Every structure is written in structure tokens, then in C-alpha cells.
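The model shown is predicted, which means the values in this text are computed figures rather than measured ones.
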Amino acid sequence: MMTKSAVLAAILTVVASSTMLARGYKLTSPDGKTTVSVDDGVTLTVSREGRRLTTVKAALGSMSGKVLGMHTTRVKRETITAPLYRQRQFTTAYRQADIMLSGQLGMEVRAYDDGVSYRFRTTNDGETVVSSETAVFGFPEESKAWLAYSTNAEKPFAMAFQNTYHETLLRDARALPAFLPATVDVGGGVKVTILESDLRQYPGMFLKAGSQDADGHDEGTDDCLTAVFAPYPRRMDYYKWRGMSYVAETEDYIAKSTGRRTYPWRVMAITTDDTQMPTSNLVYALATPNQTGDTSWIRPGKVAWDWWHDWNLKGVSFKAGINTDTYLYYIDFAAKYGLEYIVMDEGWYDSSKGDLMNPIAAVDLQRIIDYGRQRGVGVVLWTVFNVLDEHLAEACSKYAQMGIKGFKVDFMDRNDQTAVDMAERIARTCAEHRLLLDYHGFWAPTGLSRTYPNVLNYEGVFGMEEVRWAKKTTDMPLYDVTFPFIRMMAGQVDFTPGAMRNGTRENWVECYQNPVSMGTRCHQAACYVVHDSPFTMLADTPHSYEQDSLYTRFIAKIPDTWDETRVVQGEIGRYIVTARRKGDTWYVAGQTNWDERTIELPLSVVGEGSYTVTLLADGINAGHNAEDYKIDRLTRGNGDTLTIRMASGGGFVLKISKK
């Protein structure tokens with residue numbers, strides 16, 4: 001029997017061989033192509049069509065090395081309703097193995113056609129303390145990886161989960177923790193992406209190249225990724241600016257909980273073509289189902305946003321800034337173009353004091369909310385995570401009664417267990433008050449938006465804000481056609497697109513107060529289709545959009561939620577073409593890296609019929625002036641093929657409506 005304070009340690013080591021033990025257990029996916037063998041140790045070997053992709057030895061607790069038995073279910077099919085996700089619903093199929101382990105422990109393993117997942121469960125009724133978990137994923141030699149490293153080498157678990165990807169042979173990867181997701185090319189056109197789902201009461205997982213033993217000593221094995229986790233906080237402190245909390249001291253364990261429970265799913269998504277990656281549904285499918293009940297009150301939409309352009313207005317009769325007149329102006333702009341929201345970003349309350357409950361004197365918040373209500377525009381308020389959490393019931397009650405629609409919550413900048421608990425607590429309480437959420441300074445989704453669909457969007461992406469302080473060497477177009485294949489496997493992204501000042505590779509300039517995007521205006525427009533983003537910004541100034549109302553009305557009318565999503569062409573790091581359907585109307589959009597590119601797009605991708613086609617595409621001079629574009633209106637049938645040219649750093653958007 002385990003004592004109340006039993007300490008569990010997960011020790012996962014690489015097993016290079018793909019040979020199964022004679023008495024091992026085997027689980028096969030519904031299509032018969034993906035298999036996972038489970039042997040004493042506990043060793044999981046994942047294969048596709050007989051070829052080993054990765055091997056993991058999993059243990060939880062000192063007595064968990066012995067498999068006592070395994071029960072396998074028949075194929076289970078689930079049709080999952082997915083409000084505010086990339087499609088309204090989808091169907092999954094898998095076989096599950098329930099594994100009995102020694103020492104009040106169990107394990108669940110699932111084999112899907114497109115991946116394998118496993119998680120532990122404990123049956124201890126007392127307190128469980130997890131001292132460490134070291135998960136080492138072993139891959140074939142010469143495997144290549146895409147890793148987004150922590151940006152804080154000294155304190156790697158304290159950062160905003162925003163970085164570009166390092167494309168490298170796994171054996172040459174840097175000795176820094178990388179946050180999830182992480183993709184590994186194992187050869188033969190097959191990629192394995194490591195994710196996690198149903199992250200609750202537990203720290204999020206990082207990965208570090210190389211193999212380590214249970215004590216953290218390097219075993220010198222190449223082509224491995226080792227999981228590392230933030231320790232449980234012992235003492236918190238505060239930065240004076242923003243009232244933001246940070247971890248000052250830590251415990252010698254990573255998690256603790258009471259009673260029987262399951263742990264997060266470890267997910268290995270398998271893809272044989274890059275176009276399969278952005279629409280992987282494993283993270284969403286494995287998460288705890290909706291805990292909020294009715295979701296009809298949750299309204300997706302586009303947002304007029306103040307922060308990216310630094311409240312840098314012109315042609316107005318008032319002093320622009322964080323004040324009532326400025327936000328009434330944003331509401332008028334939003335109403336004119338049919339945008340559902342404005343965000344009042346940092347500054348509406350005194351963030352240096354963490355004074356969330358009192359707006360600054362220059363902001364008449366009730367007047368702004370009431371004016372927005374009259375014009376059909378909701379107001380969303382920015383705040384810091386721990387500041388909201390410290391006033392949670394009071395703030396939700398007060399601002400919901402005033403008519404606020406939700407919060408943009410920022411600067412979590414960590415994913416230890418207490419941070420994960422905070423994120424769920426805020427989601428649950430805001431759902432009770434019918435408030436939506438946009439999570440910034442936050443890790444990639446782990447299924448929380450299935451459990452609490454009022455969490456509409458997540459950052460965890462090297463988004464448009466980065467160009468405010470980027471350097472010439474930053475390669476945003478490369479990143480823009482990389483992260484949809486990796487990061488979007490986890491779920492939606494708040495990239496904050498919509499720049500109206502656009503630069504080519506040669507003439508882009510850094511400018512904090514008047515930022516310029518890298519790539520063309522059509523590259524920006526394509527974000528509204530390529531990205532999973534039910535709550536998405538128009539990041540530039542209202543007057544910039546007013547100067548090109550034709551373009552602005554086009555992007556403003558692109559839907560925010562979809563009935564169907566497919567990636568029809570693309571290759572990680574080169575280009576992407578995404579098709580999404582809303583009712584009988586399709587939108588197809590593409591983006592390229594800095595390479596000019598011409599694609600052939602058969603209209604058969606949207607089905608039978610005759611169509612009216614509106615094409616927003618790079619103009620002939622977009623390679624010199626990135627703001628150059630054209631709009632053509634055509635009539636085409638499903639047998640036709642469109643030839644579309646994308647300029648360097650370019651893009652396009654097609655609206656295809658049945659005649």
C-alpha cells in the first residue's frame with residue numbers, strides 16, 4: 001500500500017531496439033497501420049507499417065516497472081462536437097489498452113490511425129507527490145527536429161512561450177529546454193509531433209535534446225528528447241511593474257494532488273504528409289469534455305485593437321491615448337466594419353499598482369461599455385493573470401454586471417502546476433459569469449478550450465507583436481509558414497494579424513511606434529484563413545484601414561469559425577494553402593516564405609458546381625512595394641484550375657461562392 005505522502009517518480013529511458021518481447025502486449029490502430037507494443041519496463045514502441053518511429057520506457061513510481069495485465073477494447077468511434085474549434089464536429093476512432101501495473105498504478109494507451117497517446121493513473125486515496133518525471137523519446141538516427149527553445153537560458157521555465165523554430169538534426173540540437181509542440185522528421189516522409197493534452201493539476205512538459213537518467217545526468221545518447229518540468233513553487237514574489245507574480249523559490253518535486261486521478265496525455269501525432277499536420281485533432285479529442293454546459297452565449301469575432309500600433313492615431317479631433325474619446329473612436333470603427341469587439345489593452349487601470357478594480361481617471365469605463373452596446377460592439381479588458389486571479393470573484397462579478405464581454409489575460413509566463421491550476425480556475429469562474437477569455441503570455445493549447453470553450457484563443461506563438469522590436473535578421477515569413485504545421489496541431493493561435501504597413505525583405509524597417517509587417521499585405525490577409533483563430537485582431541490603426549476600405553471590408557467579412565477545414569497544399573517552412581468552408585462558401589488562402597512562388601489550384605478542392613470567385617492576390621509590383629495587391633472577380637467551374645502567383649513573402653485569399 002502506498003502511504004499518504006508517497007513520492008512518485010517517472011523514469012523514462014530510451015530503448016533503441018524495436019524488437020518486442022515474446023510476452024509483450026500489442027495495440028493496433030483501427031486502420032491496422034499504427035501499432036504500439038507495451039512490454040515490461042514499461043516499454044512503449046510506436047511503429048507505423050512495421051517501421052519503428054519512437055520508443056519510450058514509461059514508469060511511475062518505484063514499483064511500477066512490472067506489467068500485471070492488459071485489457072484491450074474494441075475500436076471505439078466518437079463524434080465530437082467542437083464549438084468554436086476549426087470545424088463544428090469531427091469523428092475519431094481508436095483502440096485503447098487499460099494496463100494494470102504494480103503498486104496501485106495503471107496506464108491507458110490509445111492507438112489512433114494518426115498517433116499514439118498514453119497517460120498514467122493512480123488509485124491512491126491519500127496525497128500523491130510526484131518528485132520528477134523524465135520522459136525520453138528515442139528516435140532513429142539522423143532524425144531532424146523543429147524546436148522552439150525557451151528564451152530564458154538562466155530560468156528556462158520563466159518565459160512567454162514565444163520563439164521561432166530551430167530546424168536541426170536532433171543530435172545537433174542546443175542544450176536548452178524547448179516548449180511544446182516539437183516535431184521530429186524520422187525519415188521516409190513521416191513526422192512525429194510530441195504534444196500533451198488534458199493538462200490539469202500538473203506542470204506542462206518541456207523537451208531537451210539528449211538522454212538523461214532519473215537524476216538528470218546525461219547518458220550521452222543522441223537522437224533523443226528528454227522531458228523536463230518546472231518544479232512546484234514554494235514561494236512567490238512580485239515584480240513592481242504590472243504587479244506580476246513570479247516564482248522565487250521552488251520545492252524538490254513537480255506536482256502534488258489528493259485522491260485518485262489521471263495524469264496528462266502524452267501524445268505522439270504521426271503524419272505522412274505535411275498537409276495533415278495543421279488539422280490534427282488529437283489534443284482536442286483527448287481533453288476533458290465541455291464543463292460549462294451551454295455555449296450559445298460565447299460569441300467569436302474580430303477585434304479592433306489598440307496596443308500594436310501604440311494608439312498612434314491621426315486625423316482625429318482628440319488627444320489619442322488611453323482615454324474615453326479614443327475608445328469611443330475604436331467602437332465607431334468596429335461598428336462601421338462589423339467587428340464584434342474592441343480590446344482595451346494595458347493602461348486602462350494602473351498596472352504598476354495592480355489596481356484592476358479601478359479604471360484610471362481618463363477612462364469612463366461604463367460610458368465606453370454602454371456606447372459599445374448601443375453600436376453592437378463588445379468590450380474586452382486586458383489584465384495580468386495573477387492580478388485577475390487575486391480579485392477573481394469580485395472582478396468577474398463587477399465587470400460582468402457592467403457589461404464587459406471578457407478578459408484578455410496576459411503574462412502568465414510559466415507553466416508549473418500552480419500556473420496550470422490558475423488558468424483552469426480563471427476559465428471556470430469566467431464561464432460562470434459568461435465571460436470569454438483570450439490567453440496571452442501562455443503555453444500552447446492542451447485541450448482547455450474543449451473543457452472550457454469560453455477560452456477562445458491562446459498566444460504561445462511568435463506573433464505579429466514581435467515585429468515591433470524585431471531585427472532585420474528575423475525571418476517572419478519563414479516562421480509564418482512553419483508554425484501552422486507545428487503549433488496549430490495543438491489548437492488556435494492569437495497571432496494578431498492585419499498590418500497595413502508592409503515591407504519587402506529589402507525595405508522592411510524596424511519601427512516600434514509605426515510597426516511594419518514582413519511580407520505583403522496579402523500575406524497578412526491570408527492569416528485570417530490560414531490560422532485557427534475564433535477571436536482575432538485587426539491590429540493596425542482605424543485610419544489605416546479607412547484609407548483602404550475595400551480591403552478592410554474584405555478581411556472583416558472573413559468568418560471566424562468554420563464548418564470544415566482542410567490544408568490542400570503545403571510544405572513545412574516553404575508554403576501553405578488552407579481551404580475552409582462556412583455554409584456553402586469556401587475561403588482558400590495561401591502564404592509563402594521569402595521565395596516567390598506560383599501554385600496551381602484545382603477548384604475541384606471545393607466540390608462540384610459553378611462558382612463566383614473573388615481573388616485577393618499580390619499585385620505585379622508587390623516584390624518592390626509589399627502593399628500592392630489586386631482584387632479580381634471571376635466565374636469558374638469545379639473543373640477549372642487557377643494559377644496564382646505569390647510574391648516574395650506573399651499570399652492570397654480566395655472567396656468561392658456557389659452560383
Side-chain angles (χ1 to χ4, degrees), residues 78 80-90 161 180 195-204 257 261-265 267 281-301 303 341 343 378 380-386 388-389 391-393 395-397 399-400 404-410 412 414-415 417-460 488 490-494 532-536 560-561:
E78 294 180 335
I80 296 174
T81 300
L84 307 160
Y85 187 53
R86 61 174 67 110
Q87 61 247 356
R88 286 187 303 169
Q89 64 178 34
F90 60 92
F161 304 91
L180 298 185
L195 307 108
E196 60 185 340
S197 182
D198 216 30
L199 178 64
R200 306 177 76 181
Q201 287 189 285
Y202 204 77
S257 56
R261 64 161 300 182
T262 57
Y263 291 82
W265 287 102
V267 184
N281 294 319
L282 289 176
V283 169
Y284 194 96
L286 287 160
T288 298
N290 178 9
Q291 301 293 292
T292 66
D294 174 42
T295 61
S296 61
W297 60 271
I298 306 172
R299 184 187 184 196
V303 186
Y341 298 101
V343 163
V380 174
L381 300 176
W382 176 96
T383 182
V384 172
F385 266 97
N386 64 279
L388 176 58
D389 190 53
H391 301 84
L392 190 54
C396 287
S397 178
Y399 290 118
I404 287 299
K405 299 303 181 183
F407 295 104
K408 174 184 174 182
V409 197
D410 208 349
M412 179 71 88
R414 57 191 180 91
N415 69 350
Q417 184 186 324
T418 62
V420 172
D421 292 345
M422 186 193 304
E424 181 166 350
R425 182 167 55 247
I426 290 173
R428 180 175 60 251
T429 306
C430 283
E432 292 168 356
H433 289 83
R434 296 200 162 192
L435 296 169
L436 62 84
L437 291 163
D438 178 19
Y439 277 176
H440 265 240
F442 200 78
W443 56 91
T446 58
L448 187 64
S449 57
R450 182 182 182 191
T451 311
Y452 296 98
N454 60 313
V455 185
L456 279 182
N457 221 345
Y458 303 82
E459 195 176 25
M488 268 181 21
Q492 49 264 58
V493 291
D494 195 0
D532 296 325
S533 188
F535 183 82
T536 190
D560 304 292
T561 56

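The closest donor-acceptor contact from the side chain of Gln89 to the backbone of Gln87 lies at 3.5 Å or more, if one exists at all. Remark: side-chain polar atoms of Asp532 are not paired, donor with acceptor, to backbone N or O of Arg86 under 3.5 angstrom. Between the Ser397 side chain and the Ala393 main chain, no donor and acceptor come within less than 3.5 Å of each other. One N or O on the side chain of Asp198 and one on the backbone of Thr288 form a donor-acceptor pair closer than 3.5 Å.
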Residue pair Asn290, Thr295: steps toward the side chain to side chain contact (heavy atoms under 4.5 Å, CB included) verdict: CA-CA 9 Å; Asn290 178 9; Thr295 61; 3.6 Å; yes

Gln291 vs Arg428, side chain to side chain contact (heavy atoms under 4.5 Å, CB included): CA-CA, chis, key distance, verdict: CA-CA 8 Å; Gln291 301 293 292; Arg428 180 175 60 251; over 6 Å; no

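Here the closest non-hydrogen pair linking His440 and Phe385 is O-CE1, 3.2 Å. Across Leu84 and Pro534, no two heavy atoms sit closer than the pair O-CG, 3.6 Å. The two residues Leu437 and Ala427 make their nearest non-hydrogen contact at CD1-CA, 3.5 Å. Closest of all the heavy-atom pairs between Phe161 and Arg414 is CE1-N, 3.8 Å. Counting all heavy atoms, side chain and backbone alike, Asn454 lies closest to Ile298 at N-CD1, 3.5 Å.
Remark: Gln492 CD to Tyr85 OH distance equals 8.0 Å, nearest 0.5 Å. Distance check: Asp438 CG to Tyr458 OH gives 10.5 Å after rounding to the nearest 0.5 Å. Considering OH of Tyr341 and NZ of Lys408, their distance stands at 15.0 Å, rounded to 0.5 Å. Between Leu388 atom CG and Thr383 atom OG1 the span is 5.0 Å, to the nearest 0.5 Å. Atoms CG and CG, on Leu286 and Asn281 in that order, are 10.5 Å from each other to the nearest 0.5 Å. One distance of note links CZ of Phe407 with CG of Leu381; it measures 6.0 Å at 0.5 Å rounding.
Partners of Arg299 by salt bridge (Lys or Arg N to Asp or Glu O under 4.0 Å), not counting sequence neighbours: none found. For Arg434, the side-chain contact (heavy atoms from CB on, under 4.5 Å) partners two or more places apart in sequence, or in a different chain, are Asp294, Trp297.
Residue-environment remark: CZ (Arg425) exceeds the threshold of 12 foreign heavy atoms within 6.0 Å.
Contact of the Cys396 side chain with the Leu435 side chain is registered, since non-hydrogen atoms from C-beta on lie closer than 4.5 Å. Considering only heavy atoms from C-beta on, Gln201 stays 4.5 Å or farther from Val420 through its side chain.
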Donor-acceptor contacts, no H, no angles, side chain residues 441-450, under 3.5 Å, sequence neighbours left out:
from   : atom 1 : to     : atom 2 : distance (Å)
Arg450 : NH1    : Tyr284 : O      : 3.4
Arg450 : NH1    : Ala285 : O      : 2.9
Arg450 : NH1    : Ala287 : O      : 3.1

